[in-house]
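Step one of this worksheet: look at the structure below.
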Amino acid sequence: MGTPYLQKVLNQQLTNHIRDTLPQLRSKLQSQQLSLEKEVAEFKNMNVDDPARKTKAMLQMVQGFGVGFEKIIEGSGDKVDTDELSAGAKINHIFHKRFPFEIAKMEYDEKALRREISITIKNIHGVKVGLFTPDSAFEAITKKQISRLKEPALKCVDMVVTELNNVVRSCGERMARYPRLREETERIITTHVREREQRTKDNVLVLLDIQLSYMNTNHEDFIGFANAQGKKKASGEKKGVGNQVIRKGWISLHNISFMKGGSRDYWFVLTAENVMWFKDDDEKEKKFYLPLENLKLKDLEQGFLSKKHAFALFNPDQRNVYKDYKQLELSCESQEEVDSWKASFLRAGVYPETIKDDDDDTQTSAQVGDIGSMDPILERQVETIRNLVESYMKIVSKQVRDLVPKTLMFLMINDTKEFITSELLAHLYSSGDQNGLMEESAEEAERRDEMVRMYQATKEALQIIGDVSMKTISTPLPPPVKNDDLIKPFSNGPSSQPQPQVSRRPPPRPTGQQQPPRPVPARPDVPNRPAPGIPKRPDNKSMPPAVPGRPR
């Protein structure tokens, strides 16, 4: 057969393989062509300097920006991010977790509050001996506590503004094709948000000023003077109802060994009265049970090599909290998780510690020394005012936690959405040259050219595949050559067929008879041929040549 036959067979095998692969390759190229055809159809006859095209593109970009902004805030949309919280979810976290926690951080100190009430009552009485509890002392102390709510309210506004700016930058990525349009759009919206920020802060301060303007002592939730005089505040009073579960989740516990930096993750379950942790979330193997009575919260400094954010539970009386430790050190992966856990502990009645300056402590000690010990009448008056202030501040805090988020939604978030939908396009037209705003970036022009080249290459590849399919035929390959007869096993070698078993004992010889010689079996793979003949001497029976002798 030779080399020409081998070449013919290999060429036919290659042709058959190509024809078998062509349908799958054609399908892949056709799907790629369909995905590029819509965009390329727009690029084919596009005039980059056409004013109508630029106006249409600007309108589409602004509309897409507004739709994306609303979807991120409202939480609707087809694509939902599964890796990171959206801006709407973060704002919701600020409203319901961070803001209440910031208010709780302003919790008044019991000793300092009683001292202020005592001083206020004494100053109101002056040189007179007071027989009754003065109303003005209640108003003065309550107004001071309400004024302290301004700081967390303004901080809430700042956090929401930060999230809105992040949303604007995220939506601006859709305009990456036109960098100048993106820059101008972000500038206009950021300026509007800044203006609304100042107005929102003014309205939040107005809300607190409204609370300061009039003390509604006839409120249905206010205890009144009669109930305040007979009320006894129980130590360690819990805000939770029963021992309900408030939160569950993983927290890293650092009080597991004396080695610095050691930690382990446990499944924590926080209730209204205690906190416990388990080995895993099955909650079968309990590791420890810790009551929350008299516990406080405080922040811990982040380690040099640690990326986790830490906080601790401790007892202000310097008692051991967990085993031989004065504080229970905990940490989470992010600051948001830490703030969320702090808000959960706050619901359970665990408040953050009150940080005092040394100067304040010195001044407090001096003032307490000036006051001296209080008489029983003054103590009763202080207790009454203290109960009244606590009752009224619960009402005010509840209203502030409700009204501040509503003010932010109305004056900032909803107003910004309305501005993007109705006024952003007009501001872009009035900002300057529209042709300059709609100049494409160099990367976009390069991407468009590359897309057109890819489309043409795909089209040519499909044409080549069609030509190959039409001009080639698939023929069956010749049957393989059977080489079983070329190699046969030897008789003394292993055989594929089973050999009949023959008894090795020779047959008995007959007496007086000579056994003929045993024939030698021939090899099956060697053909039978006659043995070569013995060469004969020539007919002249001459003597063989003599051996020459040695000369004498």
Side-chain angles (χ1 to χ4, degrees), residues 101 104-115 232-279 283 285-303 306 308-332 337-358 360-362 364-365 368 379 382-383 386 390:
F101 178 73
K105 286 172 63 176
M106 307 301 295
E107 189 78 13
Y108 45 80
D109 183 73
E110 184 70 22
K111 295 180 180 179
L113 179 62
R114 289 181 178 274
R115 177 183 56 81
K232 299 296 181 181
K233 180 177 176 62
S235 62
E237 181 183 358
K238 299 297 180 182
K239 293 185 179 181
V241 179
N243 196 23
Q244 61 181 353
V245 176
I246 297 177
R247 184 184 177 92
K248 296 182 179 181
W250 291 98
I251 301 183
S252 296
L253 176 63
H254 293 261
N255 303 82
I256 58 174
S257 65
F258 290 99
M259 296 179 60
K260 205 169 184 179
S263 64
R264 184 176 299 173
D265 293 340
Y266 290 103
W267 180 260
F268 275 70
V269 177
L270 175 63
T271 65
E273 297 179 358
N274 55 71
V275 60
M276 61 193 87
W277 53 93
F278 301 84
K279 183 179 180 181
E283 300 182 10
E285 186 178 349
K286 184 187 293 185
K287 291 296 182 180
F288 200 79
Y289 174 92
L290 179 63
L292 297 177
E293 186 177 1
N294 297 327
L295 293 184
K296 293 285 187 179
L297 270 173
K298 70 176 181 179
D299 293 326
L300 296 179
E301 294 183 359
Q302 189 174 358
S306 176
K308 294 186 176 183
H309 302 268
F311 63 100
L313 297 173
F314 71 100
N315 194 315
D317 298 333
Q318 298 299 321
R319 297 180 180 178
N320 291 342
V321 176
Y322 172 61
K323 296 182 179 179
D324 295 333
Y325 295 96
K326 299 293 184 182
Q327 61 185 12
L328 183 68
E329 299 179 2
L330 307 172
S331 66
C332 298
E337 293 183 21
V338 171
D339 295 337
S340 180
W341 273 104
K342 287 181 179 179
S344 300
F345 276 107
L346 178 63
R347 291 180 55 193
V350 181
Y351 294 96
E353 66 173 341
T354 304
I355 302 176
K356 297 181 180 180
D357 297 335
D358 296 338
D360 294 342
D361 294 341
T362 304
T364 300
S365 301
V368 171
E379 289 182 0
V382 169
E383 183 67 22
R386 187 244 175 275
E390 181 186 19

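These numbers were taken from a predicted model, which means no experiment stands behind them.
Here the side chains of L313 and L297 are in contact, with some heavy-atom distance below 4.5 Å. Contact of the L290 side chain with the L295 side chain is registered, since non-hydrogen atoms from C-beta on lie closer than 4.5 Å. With contacts defined as side-chain heavy-atom distances shorter than 4.5 Å, the pair V269/F278 qualifies. Using a 4.5 Å heavy-atom threshold, the side chains of K248 and E283 count as touching.
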- Message: side-chain contact (heavy atoms from CB on, under 4.5 Å) for K296 and Y351? Distances and angles first, verdict last.
- Response: CA-CA 5 Å; K296 293 285 187 179; Y351 294 96; 4.1 Å; yes

- Task: Show the numbers, then the answer: is there a side-chain contact (heavy atoms from CB on, under 4.5 Å) between L270 and L292?
- Result: CA-CA 9 Å; L270 175 63; L292 297 177; 3.7 Å; yes

- Query: Could you walk me through whether E383 and R114 pass the side-chain contact (heavy atoms from CB on, under 4.5 Å) check?
  - Reply: CA-CA 8 Å; E383 183 67 22; R114 289 181 178 274; 2.7 Å; yes

- Query: Given F268 and W341, is the side-chain contact (heavy atoms from CB on, under 4.5 Å) satisfied, shown in steps?
  - Reply: CA-CA 11 Å; F268 275 70; W341 273 104; 4.1 Å; yes

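Between Y322 and Y325, the ring planes lie parallel to each other; the angle is under 30°, not in the 30° to 60° tilted range.
Atom-to-atom distance recorded for H309:NE2 and L330:CG is 14.5 Å, nearest 0.5 angstrom. For the atom pair CG (N320) and NZ (K326), the distance works out to 4.5 Å, reported to the nearest 0.5 Å. A distance of 5.0 Å separates NZ of K279 from CD of E285, quoted to the nearest 0.5 Å. How far CG of L253 is from NZ of K287: 11.0 Å, rounded to the nearest 0.5 Å. In this structure, CD on Q327 lies 9.5 Å from CD on Q318, to the nearest 0.5 angstrom. Remark: Y266 OH to F288 CZ distance equals 12.0 Å, nearest 0.5 Å.
Among all heavy-atom pairs drawn from V338 and C332, the shortest one is CG2-CB, 3.8 Å. Closest of all the heavy-atom pairs between P291 and N274 is CA-CB, 4.0 Å. Across P316 and N294, no two heavy atoms sit closer than the pair CD-O, 3.0 Å.
The main-chain N or O of R319 is never found under 3.5 Å from a side-chain atom of D317 such that the two would form a donor-acceptor pair.
Side-chain contact, R247 with T271: no donor N or O sits under 3.5 Å from an acceptor N or O.
Applying the ring-ring contact (aromatic ring centres under 6.0 Å, His included) rule to W267 yields the partners W250; only residues at least two apart in sequence or on another chain are considered.
A cation-pi arrangement is not found for K298 relative to F311, the charged atom failing to lie both closer than 6.0 Å to the ring centre and inside a 45° cone about the ring normal.
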